[in-house]
Protein chains: 2
Amino acid sequence: MSEARVQPDTRERILDAAERLFMESGYEGTSMRMITGAAGVNLAAVNYHFGSKEALLREVFRRRLAWLNRERLRLLDEMEAQAKGEPLKPSAILEAFFGTLLHMGTDESLGGMTFLRLLGRTLTEPADFIRTFFAGEYAEVVDRYKRALFRALPDVPHEEIIWRFHLMLGAMSYAIAGTDALQVVTGCELDLNNEGPRAAELLSARVMPFLLGGLRAPLPQFAVSPQQTRKTEPSKAA
Amino acid sequence: MSEARVQPDTRERILDAAERLFMESGYEGTSMRMITGAAGVNLAAVNYHFGSKEALLREVFRRRLAWLNRERLRLLDEMEAQAKGEPLKPSAILEAFFGTLLHMGTDESLGGMTFLRLLGRTLTEPADFIRTFFAGEYAEVVDRYKRALFRALPDVPHEEIIWRFHLMLGAMSYAIAGTDALQVVTGCELDLNNEGPRAAELLSARVMPFLLGGLRAPLPQFAVSPQQTRKTEPSKAA
DNA sequence: GTCTATATTCAGATAGAC
DNA sequence: GTCTATCTGAATATAGAC
């Protein structure tokens with residue numbers, strides 16, 4: 001990376017501004033003029049540096065997901081090496097997958113809470129090119145973690161595990177992205193916005209027990225077919 | 001609001017088309033021309049009948065949420081009357097809140113799966129007017145259900161209950177709205193799209209145990225006693 | 001109530017001077 | 001690499017005939 005010290009690097013400023021604005025207003029709701037205005041650069045600079053608005057969005061994510069994917073794979077490799085062939089604990093798998101994500105929220109150089117919220121929100125953007133982009137970016141990591149969960153929960157049908165993976169992703173995404181949306185719905189302000197870097201720790205303590213509780217909940221009747229699974233008694237709260 | 005004649009009712013056709021297109025492409029991603037084209041009506045008809053695109057969106061939701069809110073309140077009233085002052089069971093509360101929602105997915109006259117997915121997806125739309133609209137529509141029902149949960153879980157801090165309400169809403173919304181988005185992420189096709197009316201039953205059997213497991217998961221350490229905010233070990237492992 | 005035609009604004013993208 | 005000026009198309013909305 002060539003450090004443009006004299007100037008605060010046009011490229012980076014565009015990416016930072018786009019990251020924040022896509023988070024606040026969504027992809028369709030953010031115009032190039034809003035981005036270049038906020039970044040303090042010329043309108044033409046986006047197309048010069050990135051080629052198009054779509055390509056800009058992809059680059060906004062690529063620079064963050066590169067680290068996230070690498071870290072998630074590294075942690076899984078490490079845990080599996082230590083386990084010497086034994087299945088991992090579900091809680092350890094979730095901690096690696098979601099904890100790594102939440103860690104980004106504490107580190108501004110990894111995008112901080114802005115990127116976390118952008119990521120959660122963008123997963124529901126309907127545009128086709130966004131969905132195909134994420135499919136490619138996530139494929140390897142999700143496949144590895146899915147297989148780790150299959151081994152960790154040998155009595156649970158694979159389809160059920162995939163469903164619960166979906167549900168955990170959904171809960172986590174809303175917990176992060178929908179902070180203000182859901183606050184409006186539940187009419188109650190949660191202490192996330194004012195906490196800055198600590199927000200991710202608070203989130204983690206709140207969310208991880210919920211996810212584990214959901215993942216290990218009793219199976220629905222019709223899903224138990226292959227071999228009668230011991231009903232995981234959902235340890236009562238409080 | 002005056003009744004139109006025998007016609008296939010321009011107003012309804014616009015609402016139906018808008019419901020589907022907003023679900024598929026989002027609010028910003030759907031143009032008036034797409035809507036009037038799909039509905040087979042004139043472009044000017046939307047502004048004649050509804051006044052603006054924003055007002056159209058609100059009306060799309062109002063005609064469905066009227067039933068949903070009424071039914072949710074009715075069920076809660078009924079249960080509370082039968083309980084004669086005793087707290088309700090958490091599972092009964094969730095069944096009333098989320099089961100009513102899922103029931104709409106089985107009934108085409110209530111919008112079917114199209115509306116369910118639209119609702120889940122629209123909760124994350126960043127536009128301001130959408131968020132304030134939902135705040136007003138949801139206020140009463142959410143307040144009533146929150147209070148029912150407070151009574152049902154007297155040992156759990158209110159803030160924790162609200163968080164878990166958020167998380168349940170998020171999981172449910174993604175399970176419904178993000179069907180294709182998350183399928184792309186997890187790289188696995190779930191049997192939702194082809195099941196038609198049965199989709200809601202399948203969803204219910206899959207999702208309700210997960211939600212209950214999450215709601216009743218062990219509490220994070222710091223939520224029990226307000227002073228110590230230690231790093232939390234989310235209780236038991238596998 | 002429905003339609004045509006149009007006003008107005010704003011979007012993404014680019015050509016070409018510097 | 002950066003900037004001005006502009007192209008082209010599409011968006012919402014409305015005026016006014018029928």
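In what follows, chains are A, B, ... by sequence order, proteins preceding strands, each numbered from 1.
The side chain of A/Asn47 places an N or O atom within less than 4.0 Å of a non-bridging phosphate oxygen (OP1 or OP2) of C/dA13. Regarding contacts with the backbone of C/dT2, a side-chain N or O of B/Thr10 is found under 4.0 angstrom from either OP1 or OP2. Under 4.0 angstrom from either OP1 or OP2 of C/dG1 there lies no side-chain N or O belonging to B/Asn42.
One atom, CD of B/Glu12, and another, P of C/dG1, lie 13 Å apart when rounded to the nearest Å. In this structure, B/Leu43 places its CG atom 10 Å from C1' of C/dC3, rounding to the nearest Å. For the pair A/Lys53 NZ and C/dT14 P, the interatomic distance rounds to 15 Å; values are reported in whole Å. Rounded to a whole Å, the CD1 atom of A/Ile35 is 14 Å from the C1' atom of C/dA13. The interatomic distance linking B/Tyr48 (OH) with D/dA13 (P) rounds to 17 Å, in whole Å.
Checked against the 6.0 Å centroid criterion, the rings of A/Phe61 and A/Phe22 do not qualify as a close aromatic pair. Aromatic rings of A/Phe129 and A/Tyr27 (six-membered ring for Trp) have centroids within the 6.0 Å cut-off, being under it. You'll find the ring centres of B/Phe97 and B/Phe165 inside the 6.0 Å limit.
The side chain of A/Met32 has C/dG12 as its nearest neighbour among C/dG12, C/dC3, D/dA13. Among the nucleotides D/dA13, C/dT2, C/dA13, the one closest to the side chain of B/Ser52 is D/dA13. Closest contact between the side chain of B/Ala44 and the listed nucleotides D/dT14, D/dT6, D/dT2 involves D/dT14. The side chain of A/Ser31 sits closest to C/dG12 out of C/dA13, D/dC3, C/dG12.
Taking 4.0 Å as the cut-off between side-chain N and carboxylate O, B/Arg144 and B/Glu140 do not count as a salt-bridged pair.
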